[in-house]
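Step one of this worksheet: look at the structure below.
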Amino acid sequence: MARSYQELIKDLNFNLYPAANRKFRHRVFIVHFFGGNQRKLLRHIRLLNQVGLDVYAIDLSYRKHLVYKKIPSLKKEAFKVRNIWSQEIKEALDYIPGPVITYGFSGPSACLIEIAVQNKKVEGLISDSGPFTHLLQCNYNLAKVEFGLNKAWLRALSTLVMSPLWDLKHTEKLLKDLSLLPKATPYLSFQPMMDQVVPVEYMQDVFTRSKHQLNLSVCKINQAGHLEGLKKEPDKYRKALQSWLNENFLTKR
């Protein structure tokens, strides 16, 4: 049984950030990166509000017992964080008035793609620093860049632990989900060219290998690393976002 709106507020800190001057019929559902929370996306949320979009956000949870209490069937997925987060995203999305644009970062952006296939209220997608193929290599990079593990054997051990916790079928599922999104769905991909966690070729590989029919737009942020696009090149980032929104959604108000 899915959680109620009040339970989502309590369990996942489900929030609405309204625009002072709403210009679009669509709402944005923004989902943070691994190790983050919605507070760490306030720069992005403010930008979305400034361009005229209402924003909904949650804090993804590691509190598996809360999920199992409501959805006992997920107990068999105890070690797949991706599945748990996808379920949380699905529950929150059901309470957001449509139509919706999803906005994801790094690994969790794959969860948003999965749920977009299932929910027709999603009419556009944005991703930043992801999604990606080569899960093992990205986790190996994460262990060094984010966790500070400088010894190769420690990074390898961390990778062997983290990857099954996420889902070893990550790439297979991601490519399949992209191919199932409706034809000509607008998709904006922000790709930091100096990303040391998710090399840009792994982001590009997602779209090259999948049989998608998306209306794909790519913004390459030349001087930014992982998740740094808006911080390092705010003008370019904002211009790309505004142009994409105007082209695909402004006339649909």
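One finds the NZ atom of Lys232 at 12.5 Å from the CG atom of Asn222 (value rounded to the nearest 0.5 Å). Here the straight-line distance linking atom OG of Ser109 with atom CE of Met203 works out to 9.5 Å at 0.5 Å rounding. Distance check, rounded to the nearest 0.5 Å: OH of Tyr187 to OG of Ser127 gives 3.0 Å. Once rounded to the nearest 0.5 Å, the distance linking CG of Leu180 with OG of Ser210 reads 10.5 Å. Note that CG of Asn139 and CG of Leu160 are 10.0 Å apart. Values are rounded to the nearest 0.5 Å. Taken from CG in Leu53 to CG in Leu245, the straight-line distance is 5.5 Å, to the nearest 0.5 Å.
For the pair Asp94 and Asn119, the minimum side-chain heavy-atom distance is below 4.5 Å. The side-chain heavy atoms of Cys111 and Val31, taken from C-beta on, include no pair separated by under 4.5 Å. Contact of the Gln50 side chain with the Arg238 side chain is registered, since non-hydrogen atoms from C-beta on lie closer than 4.5 Å. The shortest side-chain heavy-atom distance between Lys23 and Val51 does not fall under the 4.5 Å cut-off. Residues Phe190 and Leu230 are not in side-chain contact: their nearest non-hydrogen atoms beyond the backbone lie 4.5 Å or more apart. Side-chain contact between Trp244 and Cys219 is absent, with no heavy atoms from C-beta onward closer than 4.5 Å. The side-chain heavy atoms of Leu93 and Tyr56, taken from C-beta on, include no pair separated by under 4.5 Å. At least one side-chain heavy atom of Leu241 sits under 4.5 Å from a side-chain heavy atom of Ile126.
Without hydrogens or angle criteria, Glu114 side chain to Ser86 main chain gives no donor-acceptor distance under 3.5 Å. At least one donor-acceptor pair closer than 3.5 Å links the side chain of His32 to the backbone N or O of Leu60. At distances below 3.5 Å, not a single donor-acceptor pair connects side-chain atoms of Arg155 with backbone N or O atoms of Ser158. No donor-acceptor distance shorter than 3.5 angstrom exists from the side chain of His170 to the backbone of Leu136, with no hydrogens or angles considered. Here the side chain of Gln223 pairs no donor or acceptor atom with the backbone of Glu233 at under 3.5 angstrom.
Contact detail for Val198 and Ser129: the closest heavy-atom pair is CG2-O, 4.0 Å. The two residues Lys231 and Pro234 have their closest heavy-atom pair at O-CD, 3.8 Å. What you find for Pro131 and Leu174 is that their closest heavy atoms are CB-CD2, 3.7 Å. Looking at every heavy atom in both residues, Arg82 comes nearest to Trp166 through CB-O, 3.4 Å. Smallest separation of non-hydrogen atoms from Ile58 and Gln38: C-NE2, 3.5 Å. Taking every heavy atom of both residues into account, Pro192 and Val200 meet most closely at O-CB, 4.0 Å.
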Step-by-step ring-ring contact (aromatic ring centres under 6.0 Å, His included) determination, Phe105 to His44:
CA-CA 11 Å; Phe105 296 80; His44 296 82; 4.9 Å; yes

Under the side chain to side chain contact (heavy atoms under 4.5 Å, CB included) rule, what do Glu172 and Lys176 come out as? Steps first, then yes or no, please.
CA-CA 6 Å; Glu172 176 185 341; Lys176 180 180 178 181; 5.9 Å; no

Given the rule in the side chain to side chain contact (heavy atoms under 4.5 Å, CB included) test, do Leu42 and Tyr17 qualify, once you have shown the distances and angles that lead to the verdict?
CA-CA 10 Å; Leu42 288 179; Tyr17 300 85; 4.3 Å; yes

Decide yes or no on side chain to side chain contact (heavy atoms under 4.5 Å, CB included) for Tyr103 and Leu48, but give the supporting numbers first.
CA-CA 10 Å; Tyr103 197 156; Leu48 291 165; 3.7 Å; yes

Decide yes or no on ring-ring contact (aromatic ring centres under 6.0 Å, His included) for Tyr5 and Tyr95, but give the supporting numbers first.
CA-CA 7 Å; Tyr5 186 77; Tyr95 287 102; 5.6 Å; yes

Does the side chain to side chain contact (heavy atoms under 4.5 Å, CB included) test come out yes or no for Val81 and Phe34, once each step is laid out?
CA-CA 10 Å; Val81 175; Phe34 176 80; 5.9 Å; no

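Between Asn83 and Gln87, the side chains place no donor N or O within less than 3.5 Å of an acceptor N or O (distance only, hydrogens not considered). Ser4 and Gln6 form no side-chain donor-acceptor contact under 3.5 Å, judged by distance and modelled atom types alone.
Within a 6.0 Å radius of NZ in Lys173, other residues, nucleotides and ligands contribute more than 12 heavy atoms. The neighbour count for Gln118 CD, taken as heavy atoms of other residues, nucleotides or ligands under 6.0 Å away, is above 12. Applying the 6.0 Å contact sphere to NZ of Lys236 captures more than 12 heavy atoms from other residues, nucleotides or ligands.
There is a path of hydrophobic side-chain contacts, each under 4.5 Å, that joins Trp153 to Leu149. Hydrophobic clustering, with ILVMFWY side chains joined whenever heavy atoms are under 4.5 angstrom apart, groups Leu154 together with Val197. Residues Leu175 and Leu168 fall into different hydrophobic clusters, defined by Ile, Leu, Val, Met, Phe, Trp and Tyr side chains chained together at heavy-atom separations under 4.5 Å. Val145 and Met193 fall into different hydrophobic clusters, where Ile, Leu, Val, Met, Phe, Trp and Tyr residues are linked whenever their side-chain heavy atoms come under 4.5 Å apart, directly or through other members. The hydrophobic cluster containing Leu16 also contains Ile96, counting ILVMFWY residues as joined when their side-chain heavy atoms lie under 4.5 angstrom apart, directly or transitively.
The aromatic rings of Tyr202 and His134 sit parallel to each other, their planes meeting at less than 30°, with 60° as the upper class boundary.
Checked for salt-bridge contact, Arg43 and Asp128 miss the test: no charged N lies under 4.0 Å from a carboxylate O.
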